[in-house]
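Inspection log for the structure reproduced underneath, given as structure tokens.
Worth saying up front: this structure is predicted, and the values here are computed from it rather than measured.
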Amino acid sequence: MNTFQRIIKRVIDILLGSILFLLSLIIIVPVSFFIALEDGVPFLFKQQRVGKNGKCFDIYKLRSMKVKSSEMKNKEIVDPYSEWGNQVPDNFVFKKTNEENPNVTKVGSIIRKLSIDELPQFLNVIKGEMSLVGPRPEIPEIVKHYDKDQKKRLEVKPGITGIAQIKGRSELTHKEKIDYDVFYVENQKISMDFFILFKTIFGVFSKKGAV
């Protein structure tokens with residue numbers, strides 16, 4: 001993607017991201033009320049993710065887990081993937097099971113399945129930390145084990161949606177996600193972004209691979 005296309009992509013992120021954020025308030029506001037009603041405040045959850053060129057930022061989500069559990073998760077410093085070494089295993093699949101996790105609230109289980117918890121990330125797009133389209137931002141605990149090829153996905157801003165999300169989301173292995181993300185990095189263009197956004201709408205409504 002050349003400089004002109006990058007400028008156009010950023011303009012689209014700001015304009016479309018702002019419109020979508022304002023529209024999403026129709027959902028965010030009442031859902032926030034139900035979150036607070038069930039488990040108190042805050043209704044927003046911040047978690048550190050890795051962005052372009054390895055720079056970390058706080059991603060915004062509607063809180064789907066109990067307050068104490070969310071606080072402990074953010075304070076977690078133990079690396080659960082220490083045995084990986086210098087490469088994330090190709091067959092790794094990151095799964096979060098709502099039904100079996102007692103820390104997920106009733107409202108949280110619903111908004112996760114519908115991907116509503118991701119709506120506040122339009123703020124990350126407006127701030128320039130994310131783009132509407134790009135590889136999904138990963139947690140630092142996993143990124144620290146990336147090998148040279150896996151790090152290629154960090155060459156662009158992470159996105160709310162991407163090729164991996166329209167191809168299977170959480171059902172894909174890590175290698176499949178990396179392959180799709182690297183393909184996007186090497187072939188990205190505005191027309192591809194619009195195609196991915198269009199396909200994402202159907203993916204959200206079908207709830208395929210949602211966690």
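Counting heavy atoms from C-beta outward, Lys61 and Pro120 have side chains that stay 4.5 Å or more apart. In this structure, the side chains of Gln165 and Tyr180 stay at 4.5 Å or more apart for every pair of heavy atoms.
Of the N and O atoms on the side chains of Ser131 and Asp13, at least one donor lies less than 3.5 Å from an acceptor on the other residue. At a cut-off of 3.5 Å, with distance as the only test, a side-chain donor of Asp193 or Tyr184 sits close to an acceptor on the other residue.
Heavy atoms only, all atoms of each residue included: Ile139 and Arg49 are closest at CG2-NE, 3.5 Å.
Side-chain atoms of Glu38 do not come within 3.5 Å of backbone N or O of Ile35 as any donor-acceptor pair. Side-chain N or O atoms of Glu155 include none that pairs as donor or acceptor with a backbone N or O of Asn53 at under 3.5 Å. A donor-acceptor pair under 3.5 Å is formed between the side chain of Lys9 and the backbone N or O of Val133.
Here the CZ atom belonging to Phe194 is positioned 7.0 Å from the CG atom belonging to Leu16, to the nearest 0.5 angstrom.
Heavy-atom neighbours of Phe34 CZ from other residues, nucleotides or ligands within 6.0 Å: at or below the threshold of 12. Around atom CG of Asn187, more than 12 heavy atoms belonging to other residues, nucleotides or ligands sit under 6.0 Å away.
Trp84 and His145 have perpendicular rings, their planes meeting at more than 60° on a 0 to 90° scale where under 30° would count as parallel.
Residue Tyr146 forms a side chain to side chain donor-acceptor pair (under 3.5 Å) with just one option from Lys152, Gln87, Arg153, and that option is Arg153.
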